[in-house]
Amino acid sequence: MLDIKFVRKNPDLVKENIKKKFQDHKLGLVDEALSLDVSLREAKLEADTLRAKRNNASASIGTLMREKKIDEANKMKSEVVEINKKLEKLEQDEESFNQKLKKIMMTIPNIIDDSVPIGKDDSENVEVKRYLEPKVPSFDIPYHLDIIEKVNGIDLDSARKVSGNGFYYLMGNIARLHSAVISYARDFMIDKGFTYCIPPFMIRSEVVTGVMSFAEMDAMMYKIEGEDLYLIGTSEHSMIGKFIDTINDKTKLPYTLTSYSPCFRKEKGAHGIEERGIYRIHQFEKQEMIVVCEPEDSASWFEKLYNHTVDLFVSMEIPVRSLECCSGDLADLKVKSIDVEAWSPRQKKYFEVGSCSNLGDAQARRLGIRIKDDQGNYFAHTLNNTVVAPPRMLIALLENHLREDGSINVPKVLRPYMGNIEVIK
RNA sequence: GGAGCAGUACUCAAGCGGCUGAAGAGGUGCCCCUGCUAAGGGCAUAGACCGGGAAACUGGUGCGAGGGUUCAAAUCCCUCCUGCUCCGCCA
């Protein structure tokens, strides 16, 4: 969400940015917002003047009553009643202008970073760099589910019976591998100086509507019946929620947090649940990182964040690449975004295992996350990035560490978390 | 989950319909006094958000949140949230 003052001063820049994102249908919104802004300020000025009159009149009624000048007081009272009648309409206008303006401002995209490549959709995303050589072994790599089933690592039949499609029982060493990845990722991030955090897994509707749009909410969030609570779709929800409406002491920044949580998603719409496997499911676990920092530091944090994910995967000997989101594929709130993709030797292509975003001050403005110094206060910048989401990343791990006999090599860094097992058979 | 009490500025706290945008105390800052220390005196100290104005300045909102009653709400009523105490129930 942009600052309306910024739009007032730079309408052309805002329009230019919309064009860069190939959302020309939104161009009209800029002028619409500006004219609503004018109407809103006019209504506000008029209403404020009336409110000032009312405050004065009410104060003098008090004085008159004390002096027992009842008649005069009653006369004033009826004046105030008149003012209130006029105000009623004006206040409605104020409210409706404000709502409309806010709604439009929510859909005007954030100004993207100059470095973001221009492109229409995800087909024009740009590979930034590859890490480790993407190898294809001489033997065939089976579908990930088959790999896991061969080592008795999953029970989908029971999960379907107990919870339905989109759930799984991870079993034995695969379950252990899953936990090992989470534990390793946690320690990896702690070593990078992040503060480990286990957040609430349910959040109030107030927070939900703060951190996402209604459409997203409908497509993703599970509601707890009879409670004003939703299961989180990612720990980012609780982690950013932690900072809603806060004024943060400049000296305490940056906040660099890494959080663990299960994630619950309806996955309604677009893709749906895959029939076979653990690529897209209703419940998974994720280690996340978020940063709340000074505006001038967000660009450098962005670089650090996605590189942490890259380093983590490289340390597990999984080839990855960084892929920059082009302008057209970039979500409206984001200034810049890079996906980390892992190599799939089966599909002979990379697939997404993490996503790193710099939101600039857009999220902070929307949620009221501010920084205070002796000059005053201003909006923080926020960033978030996946450290690792094991069920999905397990696909990459299994495919890249599969041996010809169907056993799975445990990456060295994970062995301490696996009772020093070297191979899963 | 039940019962009771509470939520006011950096902190504690008074106020319980108009004279309160908020007494008082502490803290903090500046100044004075004191050989040093302990102590004392004076002055200042609501941040935030949204408007208007070239500016000086000025209007509005704001006493946990949201509604309501009233000419007028920190103050009365309702809902919710949070904290504390007791009971119940549990890892």
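Lettering follows sequence order; numbering is per chain, from 1. For the numbers below, each heavy atom of this structure counts, side chains included, while hydrogens, waters and symmetry mates do not.
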| query | Closest nucleotide of RNA chain B for D37(A) versus for K77(A): which of these residues is on the 5' side? | reply |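 So the residue in question is D37(A).
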
| Between T63(A) and Y378(A), which has a closest nucleotide on RNA chain B that is more 5'? |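 Its nucleotide being nearer the 5' end, the pick is T63(A).
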
Picking from [options], which would you name as closest to the side chain of [X]?
X	options	value
I247(A)	G18(B), A48(B), G59(B)	A48(B)
K44(A)	A72(B), C49(B), G51(B)	G51(B)
M65(A)	C49(B), G18(B), G60(B)	G18(B)

| Step-by-step side-chain contact (heavy atoms from CB on, under 4.5 Å) determination, L257(A) to K242(A) | CA-CA 11 Å; L257(A) 300 165; K242(A) 182 168 152 57; 4.1 Å; yes

Spacing of the [atom1] atoms in [M] and [N] (rounded, Å):
N	M	atom1	result
G40(B)	G47(B)	P	28 Å
A54(B)	G17(B)	P	45 Å
A9(B)	A25(B)	C1'	14 Å
G7(B)	C77(B)	P	14 Å

| request: Determine which nucleotide pairs with A55(B), using a 3.5 Å limit on both distances of a Watson-Crick or G-U wobble pair. | output: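 Across all strands, not a single nucleotide pairs with A55(B).
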
| field | Partner of Q23(A) by side chain to side chain donor-acceptor pair (under 3.5 Å), out of T107(A), N17(A), D332(A) | value |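 Exactly one pass, corresponding to D332(A).
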
| Are H308(A) and F194(A) close enough that their ring centres sit under 6.0 Å apart? |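 They qualify: ring centres under 6.0 Å apart.
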
| Hey, are S327(A) and K20(A) close enough side-chain-wise for a donor-acceptor pair under 3.5 Å? |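 Looking only at side-chain atoms, S327(A) and K20(A) do not form any donor-acceptor pair under 3.5 Å.
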
| R365(A) near the nucleic acid: base, sugar-phosphate alone, or nothing, with a heavy-atom cut-off under 4.0 Å? |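 Counting heavy atoms under 4.0 Å across all strands, no contact is made by R365(A).
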
